[in-house]
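Everything on this sheet refers to the single structure shown next.
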Amino acid sequence: MNNKQEQNNEITRLDFIRSLIADCRYDDAIEMLQIATEDEPDNVDYNYELARIFMEMGNYSSAVSNLELVLEKTQSSLLYFMLGEAYQADEQIDKAIGAYLKAITVNENFPFAYKKLGMLFMARGDNDDAIEYFEDYIKLDIAEDEKDSVVKILERLKNER
């Protein structure tokens with residue numbers, strides 16, 4: 001097989017796996033992905049799809065492992081955000097905060113990480129940090145109704161000081 005045929009087969013394999021995921025056939029998709037990762041253990045797409053499935057199934061520690069493999073090869077604010085979500089769901093709040101902070105480091109205009117940081121610090125009772133991240137969040141390009149609801153949270157936090 002030449003290189004072009006191998007690429008076409010790889011795309012077909014990944015598309016098939018994604019169709020299994022879309023049909024919520026997670027066990028079949030995991031089986032196919034495990035076979036695929038035996039051939040290519042560092043394949044970003046395969047590890048990303050495994051992470052998505054594990055998140056969906058509530059297997060957060062496996063999702064973290066796969067996301068960390070992906071992040072070794074490519075970095076994006078969305079991947080760090082997903083890692084933060086996995087850590088948060090697994091009740092590893094300090095690690096979640098670290099992942100959300102990395103999402104902001106990669107893209108300082110990534111609003112979702114600011115909101116999550118504000119929420120986590122607020123839940124911890126760390127109102128000063130919560131205020132800082134919520135204020136940064138409302139400066140970004142978000143919907144007006146979202147801004148309005150966060151402004152109300154900010155007012156409450158500032159009154160509690």
Side-chain angles (χ1 to χ4, degrees), residues 11 14-15 17-27 29-30 33 36-37 41-161:
I11 292 169
L14 190 56
D15 288 340
I17 290 167
R18 288 180 174 150
S19 72
L20 292 173
I21 295 168
D23 291 340
C24 299
R25 295 177 53 195
Y26 300 135
D27 291 337
I30 288 172
L33 284 164
T37 55
D42 294 332
N43 184 296
V44 169
D45 292 321
Y46 297 153
N47 283 293
Y48 174 76
E49 295 303 335
L50 275 169
R52 283 189 340 135
I53 294 169
F54 289 136
M55 283 291 290
E56 191 67 34
M57 296 175 69
N59 184 344
Y60 305 116
S61 60
S62 293
V64 164
S65 296
N66 286 98
L67 285 168
E68 287 175 343
L69 285 171
V70 172
L71 284 162
E72 287 175 11
K73 302 291 181 193
T74 183
Q75 296 186 348
S76 78
S77 52
L78 182 59
L79 288 171
Y80 279 117
F81 182 80
M82 287 177 63
L83 182 62
E85 293 287 277
Y87 279 133
Q88 186 178 350
D90 202 31
E91 299 180 14
Q92 297 185 56
I93 302 306
D94 289 338
K95 288 184 177 183
I97 288 171
Y100 294 136
L101 288 169
K102 285 182 182 174
I104 291 170
T105 301
V106 172
N107 178 0
E108 65 185 26
N109 295 313
F110 189 72
F112 311 110
Y114 287 97
K115 184 176 183 184
K116 281 292 190 166
L117 286 163
M119 292 168 52
L120 289 176
F121 284 121
M122 185 174 70
R124 281 187 162 176
D126 186 350
N127 290 356
D128 290 339
D129 283 336
I131 289 168
E132 177 186 338
Y133 287 103
F134 281 138
E135 285 178 341
D136 290 342
Y137 175 63
I138 62 173
K139 292 176 188 171
L140 299 172
D141 185 23
I142 58 173
E144 282 304 313
D145 60 335
E146 176 69 7
K147 276 185 187 174
D148 294 341
S149 68
V150 174
V151 165
K152 289 176 185 168
I153 292 169
L154 276 166
E155 288 170 2
R156 194 184 82 224
L157 289 172
K158 289 176 181 178
N159 287 335
E160 290 176 5
R161 280 184 170 170

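Everything numeric here is computed off the predicted structure, so don't read it as measured data.
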Pair E132-F121, side-chain contact (heavy atoms from CB on, under 4.5 Å): steps then yes or no: CA-CA 10 Å; E132 177 186 338; F121 284 121; over 6 Å; no
Verdict with supporting geometry, L83 and Y100, side-chain contact (heavy atoms from CB on, under 4.5 Å)
CA-CA 8 Å; L83 182 62; Y100 294 136; over 6 Å; no
- Evaluate side-chain contact (heavy atoms from CB on, under 4.5 Å) for L157 paired with K152, printing each intermediate quantity in order. CA-CA 9 Å; L157 289 172; K152 289 176 185 168; over 6 Å; no
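The pair R52-E49 counts as a salt bridge, with a side-chain nitrogen and a carboxylate oxygen less than 4.0 angstrom apart.
Here I93 pairs with Q88, I97, L120, R124 under the side-chain contact (heavy atoms from CB on, under 4.5 Å) rule; sequence neighbours left out. By the salt bridge (charged side-chain N to carboxylate O under 4.0 Å, His left out) test, E135 is found to be paired with K158, residues two or more places apart in sequence or in another chain being considered. With sequence neighbours left out, N127 forms a side-chain hydrogen bond (donor to acceptor under 3.5 Å, both in side chains) with E160.
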Atom pairs and distances, side-chain donor-acceptor, residues 64-71, under 3.5 Å, sequence neighbours left out:
residue, atom, partner, partner atom, Å
S65, OG, S61, O, 3.2
N66, ND2, N47, OD1, 2.8
E68, OE2, Y87, OH, 2.6

Just distance, no hydrogens or angles: give the donor-acceptor pairs under 3.5 Å from side chains in residues 139-150, sequence neighbours left out.
residue, atom, partner, partner atom, Å
E146, OE2, K115, NZ, 2.7
E146, OE2, Y137, OH, 2.7
S149, OG, E146, O, 2.9

Listing, residues 106-114 side-chain donor-acceptor contacts under 3.5 Å, not counting sequence neighbours, or none:
residue, atom, partner, partner atom, Å
N107, OD1, N109, N, 2.9
Y114, OH, E108, O, 2.7

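The line from CE of M55 to CG of L50 is 13.5 Å long, rounded to the nearest 0.5 Å. Atom CD1 of I21 sits about 3.5 Å away from atom CD1 of I53, to the nearest 0.5 Å. One finds the CG atom of L20 at 8.5 Å from the CG atom of L33 (value rounded to the nearest 0.5 Å). Interatomic distance, K102 NZ to Q75 CD, rounded to the nearest 0.5 Å: 8.0 Å. Distance check: I153 CD1 to I131 CD1 gives 11.5 Å after rounding to the nearest 0.5 Å.
Residues M122 and A130 come closest through the heavy atom pair N-CB, 3.6 Å.
Remark: the backbone N or O of Q92 is not paired with any side-chain donor or acceptor of D90 at under 3.5 angstrom.
Side-chain contact between M57 and I30: present, with at least one pair of heavy atoms (C-beta onward) separated by less than 4.5 Å. Residues M119 and F134 meet the side-chain proximity criterion, which asks for heavy atoms closer than 4.5 Å. Annotation: side chain of Y48 is in contact with side chain of M82 (closest heavy-atom distance under 4.5 Å). Annotation: side chain of D136 is not in contact with side chain of I104 (no heavy-atom distance under 4.5 Å). Here the side chains of F54 and Y60 are not in contact, with every heavy-atom distance at 4.5 Å or above.
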